Amino acid sequence: MTQTLETWEGFHKPGKQRVLPGTKEEDSFIWSYDNASSNNQLYLQTLIRSKRFDIDILLEQPSFMDELSWLYEHMRQICIELGFYVSVVHKECAEKQCPVMRAQETTYYCAGHGSPRPCSAIGYAVHTLDYAVRQLSQGDNTSLKHLQSMVRRLYRIFAHVYFHHRQVFETQETATYLYARFVRLARKYELAPESQIIIPELPTTV
């Protein structure tokens, strides 16, 4: 059974959220939905499992969520996946290799120290993810303005990896389409100006 927007919007029967032994992969994670915020995240995660490489479908706003809630869920999911992404990058981006956060020749200051100052690339990534998670944990208090600031800072992580650890970027992007989803989301909802998108266009980002 393939999950679609329509099947989720009409699926309200109560049920336990567990995968039983012997369940086929394509039938796994098909759980009930009751409009609770936790299940908004569940909806998106289920969609990603079956449609990870179909970004148009992933960004299609469902009728049961308003725009800000939909953006909130996407950003929360991106932060979860970016945490794993950073753990992979760390193998080639320790403080000795990348003592300052850069993308090409531009140096970015880290706001995770009370007052902005230079920080290692991996430190910047960790501090920025911590900041994003704190903002998103406030739920309804996360405004569009906060999301725009968040996108600007998170984008720099991808930019650093692209320009300074290209092989890692390409391997991760081929497997996850995470950067493509992030950029397409930012463009669709005007979360970042084009001047801030400095990674050359990929077939998946246009």
Side-chain angles (χ1 to χ4, degrees), residues 44-45 48 52-53 55 58-59 71-138 142 144-206:
L44 180 57
Q45 290 175 341
I48 289 171
R52 174 174 292 279
F53 304 112
I55 297 175
L58 294 183
L59 298 187
L71 288 172
Y72 166 82
E73 293 303 339
H74 264 290
M75 291 305 302
R76 193 159 69 142
Q77 181 62 28
I78 284 168
C79 284
I80 291 171
E81 295 182 52
L82 197 51
F84 290 103
Y85 189 100
V86 168
S87 71
V88 173
V89 173
H90 181 263
K91 297 174 183 178
E92 297 189 16
C93 187
E95 291 189 14
K96 288 185 178 179
Q97 288 92 338
C98 301
V100 178
M101 179 55 160
R102 286 196 178 99
Q104 293 180 303
E105 300 304 315
T106 303
T107 298
Y108 298 111
Y109 279 23
C110 180
H113 304 274
S115 59
R117 65 177 177 83
C119 186
S120 68
I122 198 66
Y124 182 102
V126 171
H127 297 154
T128 298
L129 274 172
D130 284 346
Y131 148 80
V133 170
R134 285 197 305 271
Q135 289 291 321
L136 292 168
S137 68
Q138 298 176 22
T142 303
L144 184 60
K145 182 178 180 181
H146 284 133
L147 290 177
Q148 290 171 333
S149 174
M150 190 182 302
V151 164
R152 183 180 71 253
R153 298 184 193 186
L154 292 173
Y155 184 88
R156 294 167 182 170
I157 299 173
F158 288 108
H160 173 79
V161 178
Y162 178 86
F163 289 111
H164 301 279
H165 309 284
R166 185 70 58 82
Q167 186 174 354
V168 175
F169 179 92
E170 292 178 351
T171 299
Q172 290 300 306
E173 189 62 13
T174 298
T176 68
Y177 274 33
L178 181 60
Y179 172 73
R181 190 188 339 145
F182 178 75
V183 168
R184 294 271 296 276
L185 181 78
R187 282 176 164 157
K188 182 174 182 176
Y189 294 101
E190 299 181 347
L191 299 176
E194 286 297 321
S195 61
Q196 291 180 3
I197 300 176
I198 59 176
I199 295 174
E201 292 292 359
L202 307 176
T204 53
T205 59
V206 294

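All values derive from a computational prediction rather than experimental measurement.
By the 4.5 Å heavy-atom criterion applied to side chains, Gln172 and Val88 are counted as neighbours. Within the 4.5 Å cutoff, no side-chain heavy atoms of Ile122 are placed close to those of Met101. Taking the side chain as every heavy atom from C-beta outward, Leu147 and Tyr72 never approach each other to under 4.5 Å. Using a 4.5 Å cut-off on side-chain heavy atoms (C-beta onward), Thr128 and Met150 make no contact. Proximity of Cys119 to Tyr109: side-chain heavy atoms (C-beta onward) are nowhere separated by under 4.5 Å. Leu154 has its side chain within reach of Cys79: a pair of non-hydrogen atoms, C-beta onward, lies under 4.5 Å apart. Contact annotation: the side chain of Arg117 never approaches that of Cys110 to less than 4.5 Å [non-hydrogen atoms, C-beta and beyond]. Residues Leu185 and Met75 meet the side-chain proximity criterion, which asks for heavy atoms closer than 4.5 Å.
At distances below 3.5 Å, at least one donor-acceptor pair connects side-chain atoms of His160 with backbone N or O atoms of Arg102.
Of all heavy-atom pairs between Ala175 and Phe53, the closest is O-CZ, 3.6 Å. In terms of heavy atoms, Pro99 sits closest to Lys96 at CD-O, 3.9 Å. Nearest approach of Ser120 to Glu95, heavy atoms of both residues: OG-CG, 3.5 Å. Residues Leu59 and Lys188 share a closest heavy-atom pair of O-NZ, 3.0 Å. For the residue pair Phe169 and Ile199, the shortest heavy atom distance occurs at CE1-CD1, 4.2 Å. Taking each heavy atom of Ala180 and Thr204 in turn, the nearest pair found is CB-OG1, 3.4 Å.
Looking only at atom types and distance, the side chain of Thr205 has a donor-acceptor partner in the side chain of Glu201 under 3.5 Å away. Counting only N and O atoms by type, the side chains of Gln45 and Gln77 include a donor and acceptor under 3.5 Å apart.
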Criterion side-chain contact (heavy atoms from CB on, under 4.5 Å) on Tyr85 and Val161, from CA distance to verdict: CA-CA 10 Å; Tyr85 189 100; Val161 178; 3.7 Å; yes
Verdict with supporting geometry, Val168 and Lys91, side-chain contact (heavy atoms from CB on, under 4.5 Å): CA-CA 10 Å; Val168 175; Lys91 297 174 183 178; over 6 Å; no
The test is side-chain contact (heavy atoms from CB on, under 4.5 Å); show your working for His164 and Glu92 and say whether it passes. CA-CA 10 Å; His164 301 279; Glu92 297 189 16; over 6 Å; no
Step-by-step side-chain contact (heavy atoms from CB on, under 4.5 Å) determination, Tyr124 to Val100: CA-CA 9 Å; Tyr124 182 102; Val100 178; over 6 Å; no
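One finds the CD1 atom of Ile157 at 12.0 Å from the OH atom of Tyr108 (value rounded to the nearest 0.5 Å). Rounding to the nearest 0.5 Å gives a distance of 11.0 Å between NE2 of His165 and NE2 of His90.
Using cut-offs of 30° and 60° on the angle between ring planes, the pair Tyr155 and Tyr179 is tilted.
For Tyr131, the side-chain hydrogen bond (donor to acceptor under 3.5 Å, both in side chains) criterion is met by Ser149, not counting sequence neighbours.
Annotation for Glu194: atom CD counts as buried by contact number, over 12 foreign heavy atoms lying within 6.0 Å.
A salt bridge between Glu81 and Arg52 is present, with a side-chain N of the basic residue lying under 4.0 Å from a carboxylate O of the acidic one.
Among residues at least two apart or in separate chains, ring pair (Phe, Tyr, Trp, His ring centres under 6.0 Å) pairs with a member in residues 180-206 are Phe158-Phe182. Here salt bridge (charged side-chain N to carboxylate O under 4.0 Å, His left out) pairs that include residues 144-171, with residues two or more places apart or in two chains, number zero.
Checking each of Leu44, Leu136, Leu71 against Arg76 for a side chain to side chain contact (heavy atoms under 4.5 Å, CB included) leaves exactly one that passes, namely Leu136. For the side chain to side chain contact (heavy atoms under 4.5 Å, CB included) with Leu82, the lone residue among Leu129, Val89, Thr176 that qualifies is Leu129.
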